[in-house]
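Single-structure report; data block below.
Below, all heavy atoms of this structure are taken into account, side chains as well, without hydrogens, waters or symmetry copies. None of the values given here were measured: they were computed from a predicted structure. We name chains A, B, ... by the order of the sequence lines, and we start the count at 1 in each one.
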2 protein chains.
Amino acid sequence: MKFSISEENYLKQIYLLQQDTGTVSTNNLAKELQAKPASVTDMLKKLREKKMVHYEPYKAFNLTEKGNRTAVHIVRRHRLWEFFLSEKLGFEWEQVHDIAEELEHVSSDTLITRLDDFLGNPRFDPHGDPIPDSSGKIYRQRQVSLSTLALNSPQSVSGVGDQSTAILELLNHYGIAIGVKVEVTRRFDFDGSLELQIGKKRHLLSHAVAKNIFVQYAQ
Amino acid sequence: MKFSISEENYLKQIYLLQQDTGTVSTNNLAKELQAKPASVTDMLKKLREKKMVHYEPYKAFNLTEKGNRTAVHIVRRHRLWEFFLSEKLGFEWEQVHDIAEELEHVSSDTLITRLDDFLGNPRFDPHGDPIPDSSGKIYRQRQVSLSTLALNSPQSVSGVGDQSTAILELLNHYGIAIGVKVEVTRRFDFDGSLELQIGKKRHLLSHAVAKNIFVQYAQ
DNA sequence: AATTATTTTTAGGTTTGCCTAACATTATTC
DNA sequence: GAATAATGTTAGGCAAACCTAAAAATAATT
């Protein structure tokens with residue numbers, strides 16, 4: 001099904017408000033979209049025709065299964081473009097949103113698939129928001145590598161990038177595993193190595209190892 | 001000055017027709033834009049209001065200085081995106097046009113500047129058409145059609161005149177693309193067809209096809 | 001519960017960009 | 001040069017997406 005830019009904006013914004021605050025109201029949505037409540041009502045009727053929202057006059061409304069799927073794909077496009085702008089074109093993260101707002105409406109699916117691959121299938125955009133994959137699946141927690149984690153901020157290990165036996169052996173030796181609380185206490189700029197506190201002990205990790213260990217970053 | 005997507009499409013198309021055939025007519029433009037002549041007349045009045053075209057009813061029309069400058073910038077955006085799609089995302093050159101058609105309307109100037117730098121300030125798009133630089137300057141190639149190229153003079157393909165999907169498909173089949181070395185080995189005067197050497201193989205091309213393939217003449 | 005305030009919808013209007021059908025102008029042909 | 005053909009314009013309409021102002025429904029307050 002094909003949607004206009006306006007319809008896409010509404011679907012995306014309903015989705016985001018649902019995520020954020022749990023509920024969506026006409027006024028609420030109008031404010032977010034910089035439109036008048038009356039315009040929102042117009043569009044809700046249109047989206048109901050297309051079976052994208054459950055909507056009854058004067059009652060709360062929300063996305064249908066179809067509506068949700070569509071919205072997720074628009075969010076995916078938006079965040080992939082944000083990632084592109086930040087990572088490849090060197091934009092600051094506060095500049096990317098408005099431009100991605102336009103790019104997200106370019107309709108080729110192949111384009112998005114190829115862009116995703118070109119970018120290395122990133123899971124989080126520069127704001128730390130998750131980028132849904134092509135099936136719409138969302139990896140909720142932002143994963144931050146130890147090599148970029150802030151100092152003195154204890155976090156739980158949530159994953160490992162490189163999963164070769166070699167590195168797993170090493171991690172095992174240090175007692176590093178999923179769920180273990182760790183804290184970066186020092187970082188040495190000249191070679192990217194860092195000091196990691198695990199329980200009562202401190203260990204020195206090379207940059208090569210550190211960048212493959214991820215923690216969940218509280219959002 | 002800010003333009004709608006529709007206005008941009010008109011400006012670009014008037015520019016391209018001017019380049020191609022020297023003249024633009026209402027019917028002509030309507031066909032190109034897949035619209036009716038009456039719609040073209042409507043838009044011409046609007047563009048005249050904005051001082052983008054010189055237009056008097058029933059007379060020929062053309063872009064003003066301002067209109068030309070604007071059109072060149074839209075063409076620049078289009079061709080930069082084509083280059084990106086082809087070079088970075090691996091699209092075939094006959095696929096890039098339609099997607100670039102949408103991308104060209106994203107309005108951030110900074111975006112285009114950074115994209116240009118990211119791509120290495122290319123001067124020609126995948127079809128061999130010149131990409132105007134940020135000031136609007138166009139580096140023209142001396143292009144010679146295969147139908148007039150001297151025999152036994154190997155040259156690199158630099159561009160294609162007609163850019164319909166039909167011809168691009170055909171060229172793709174023969175392995176003809178920008179940068180490919182070709183050589184005209186025979187020419188048959190009675191119908192203008194010619195024998196073309198591409199690598200180790202020889203193919204027969206009709207005059208209609210040959211006159212649309214251009215090579216760069218030593219530069 | 002009645003009143004007031006807030007939220008949401010309806011009714012009717014505007015702009016943009018397109019359309020068809022009828023008319024006007026210019027070009028071509030006999 | 002008159003008749004015909006082709007091209008271009010005007011007039012009037014339509015759909016999308018917005019708006020304002022008034023009315024309806026719901027929520028909050030006394």
Please state how far atom [atom1] in [X] lies from atom [atom2] in [N], giving the value in whole angstrom units.
| X | N | atom1 | atom2 | answer |
| --- | --- | --- | --- | --- |
| B:E56 | C:dT25 | CD | P | 14 Å |
| A:F61 | C:dT8 | CZ | P | 8 Å |
| B:L44 | D:dT9 | CG | P | 7 Å |
| B:D42 | D:dT9 | CG | P | 10 Å |
| B:E49 | C:dT15 | CD | C1' | 15 Å |
| A:L47 | D:dC18 | CG | P | 11 Å |
| B:N9 | C:dC18 | CG | C1' | 14 Å |
| A:L33 | D:dC18 | CG | P | 8 Å |

So does [X] get a side-chain nitrogen or oxygen closer than 4.0 Å to the phosphate oxygens (OP1/OP2) of [N]?
| X | N | result |
| --- | --- | --- |
| B:T41 | D:dG8 | no |
| A:S6 | D:dC18 | yes |
| B:Y10 | C:dT16 | no |

Which nucleotide in the list [options] gets nearest to the side chain of [X]?
| X | options | result |
| --- | --- | --- |
| A:K36 | D:dT20, D:dC18, C:dC19 | D:dT20 |
| A:P57 | C:dT9, D:dC18, D:dG8 | C:dT9 |
| B:A38 | C:dT9, C:dT20, C:dC18 | C:dT20 |
| B:Y58 | C:dT25, D:dC18, D:dT20 | C:dT25 |
| B:T26 | D:dC18, C:dT9, D:dG8 | D:dG8 |
| A:N27 | C:dT9, C:dT10, C:dT7 | C:dT7 |

Other residues, nucleotides, ligands: >12 heavy atoms within 6.0 Å of B:K36 NZ: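 For B:K36, atom NZ is not crowded (no more than 12 foreign heavy atoms under 6.0 Å).
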Quick check: are there more than 12 heavy atoms from other residues, nucleotides or ligands sitting under 6.0 Å from NZ of B:K51?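 No, NZ of B:K51 has 12 or fewer neighbouring heavy atoms, counting only those of other groups under 6.0 Å.
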Here's a test of your reading of the structure: between B:V40 and A:E7, which maps to the more 5' nucleotide of DNA chain D?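 Looking at the nearest nucleotide for each, B:V40 comes out on the 5' side.
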Can we say B:R187 and B:E195 salt-bridge, meaning some charged N sits less than 4.0 Å from an Asp/Glu carboxylate O?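 Between B:E195 and B:R187 there is no salt bridge, as every charged N stays at least 4.0 Å from the carboxylate O atoms.
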With a 4.0 Å cut-off, would you call A:K2 and A:E7 a salt bridge?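 Looking at A:K2 and A:E7, the cut-off is not met.
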Could you check B:S193 against B:D191 for side chain to side chain donor-acceptor pair (under 3.5 Å), going step by step and ending with a plain yes or no? CA-CA 6 Å; B:S193 68; B:D191 68 344; 2.9 Å; yes
